[in-house]
Amino acid sequence: MAGQSLNVLIEEFFSTLEKLIPEFSANPQDAFADGNVAVCVLDEAGNVYGKIWGTDKVKSRQFFKNAWIKASQVWITGMKTGEYEQKLYNGEFGEERFGISMPDLIGWEGGQPIVLADGTLLSVGFSGFRGFNDLEIVKMAIAIMDK
């Protein structure tokens with residue numbers, strides 16, 4: 001996908017996520033972030049796109065850090081976070097395969113590869129909700145955009 005059209009798509013993705021955040025934040029179990037959430041996207045060339053929502057800059061900074069680690073781990077491994085750790089700890093491969101040492105693993109769900117309709121691969125990390133909902137909000141946003 002051309003750079004300019006990818007930028008437009010990423011902005012649409014961020015806008016779609018923004019509309020979904022209140023729905024996820026309304027769940028008391030996902031309200032711990034107080035609306036401070038973040039997303040990080042890496043394209044195949046290593047370009048980084050990000051967005052932070054919320055009013056607590058310190059809390060938001062931490063959520064973006066988590067989103068970055070999730071997205072970059074997906075970018076390196078090609079696997080969802082959580083899935084990668086499970087395979088590593090099950091001995092399916094050694095940590096040297098991808099060069100991420102065990103202390104640097106994110107250990108949480110919320111990072112996933114996304115393949116767009118045109119075949120563009122994005123590595124996405126979201127942080128601010130429980131891990132399975134970090135994954136779900138991204139999947140929902142992509143599904144809405146694909147309509």
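Scope of the values below: all heavy atoms of this structure, side chains included, with no hydrogens, waters or symmetry mates.
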Following the transitive rule for hydrophobic clusters with a side-chain heavy-atom cut-off under 4.5 Å over Ile, Leu, Val, Met, Phe, Trp and Tyr, establish whether Met145 and Leu20 coincide in one cluster. yes
Roughly how far, to the nearest 0.5 Å, is OG of Ser127 from NZ of Lys65? 11.0 Å
Is there any salt bridge (charged side-chain N to carboxylate O under 4.0 Å, His left out) pair reaching into residues 94-106, and which pairs are they, with sequence neighbours excluded? none
Measure the spacing between CZ of Arg130 and CZ of Phe24 and express it to the nearest 0.5 Å. 10.0 Å
Could you state the interatomic distance from CG (Leu9) to OG1 (Thr16), rounded to the nearest 0.5 Å? 9.0 Å
Ignoring hydrogens and angles, tell me if any N or O in the side chain of Thr81 forms a donor-acceptor pair with the backbone of Gly110 under 3.5 Å. yes
Lys59 NZ to Gln62 CD distance, which is reported to the nearest 0.5 Å: 11.0 Å
In the single-linkage hydrophobic clustering (I, L, V, M, F, W, Y; side-chain heavy atoms under 4.5 Å), do Ile21 and Phe32 co-cluster? no
Look at Lys70 together with Asp134 and state whether they make a salt bridge at an N to O cut-off of under 4.0 Å. yes
Straight-line distance of Lys51 NZ to Trp53 CH2, nearest 0.5 Å: 6.5 Å
Go through the steps to decide whether Ile10 and Leu122 satisfy the test side chain to side chain contact (heavy atoms under 4.5 Å, CB included), and finish with yes or no. CA-CA 10 Å; Ile10 296 284; Leu122 300 175; 4.1 Å; yes
Would you confirm whether Asp43, through its side chain, and Gly46, through its main-chain N or O, come within 3.5 Å as a donor-acceptor pair? yes
Of Glu12, Lys19, Glu11, which is the lone residue that meets side chain to side chain contact (heavy atoms under 4.5 Å, CB included) with Ser15? Lys19
Of all the heavy-atom pairs spanning Ala33 and Gly128, show the shortest one and how long it is. CB-O, 3.2 Å
Ser60 and side chain to side chain donor-acceptor pair (under 3.5 Å): which partner among Asn36, Thr55, Asp34? Asn36
Is there a path from Val74 to Val39 through hydrophobic residues (I, L, V, M, F, W, Y) whose side chains come within less than 4.5 Å of each other? no
Closest heavy-atom pair, Gly125 versus Ala71, reported as atoms and distance to 0.1 Å, is N-CB, 3.5 Å
Contact between Glu92 and Gln86 at the side-chain level, heavy atoms closer than 4.5 Å - yes or no? no
Nearest 0.5 Å, what's the CZ-CG distance between Arg61 and Asp56? 12.0 Å
Exam field: side chain Asp30 to backbone Ser25, donor-acceptor pair closer than 3.5 Å: no
Any link between Val41 and Ile137 through a network of hydrophobic side chains (Ile, Leu, Val, Met, Phe, Trp, Tyr) touching at under 4.5 Å? yes
Does Leu17 belong to the same Ile/Leu/Val/Met/Phe/Trp/Tyr cluster as Val124, with side-chain heavy atoms less than 4.5 Å apart forming each link? yes
For Ile52, the other hydrophobic cluster members (4.5 Å side-chain criterion, sorted by chain and number) are Leu42, Val48, Phe64, Trp68, Ile69, Trp75, Ile76, Met79, Tyr84, Leu88, Tyr89, Phe93, Phe98, Ile100, Met102, Leu105, Ile106, Trp108
Give a yes or no answer on whether the side chain of Asp118 reaches the backbone of Thr120 with a donor-acceptor pair at less than 3.5 Å. yes
Determine whether Glu85 and Lys80 make a side-chain contact, defined as any pair of heavy atoms from C-beta on separated by less than 4.5 Å. no
The test is ring pair (Phe, Tyr, Trp, His ring centres under 6.0 Å); show your working for Phe126 and Phe129 and say whether it passes. CA-CA 8 Å; Phe126 190 94; Phe129 302 124; 5.7 Å; yes
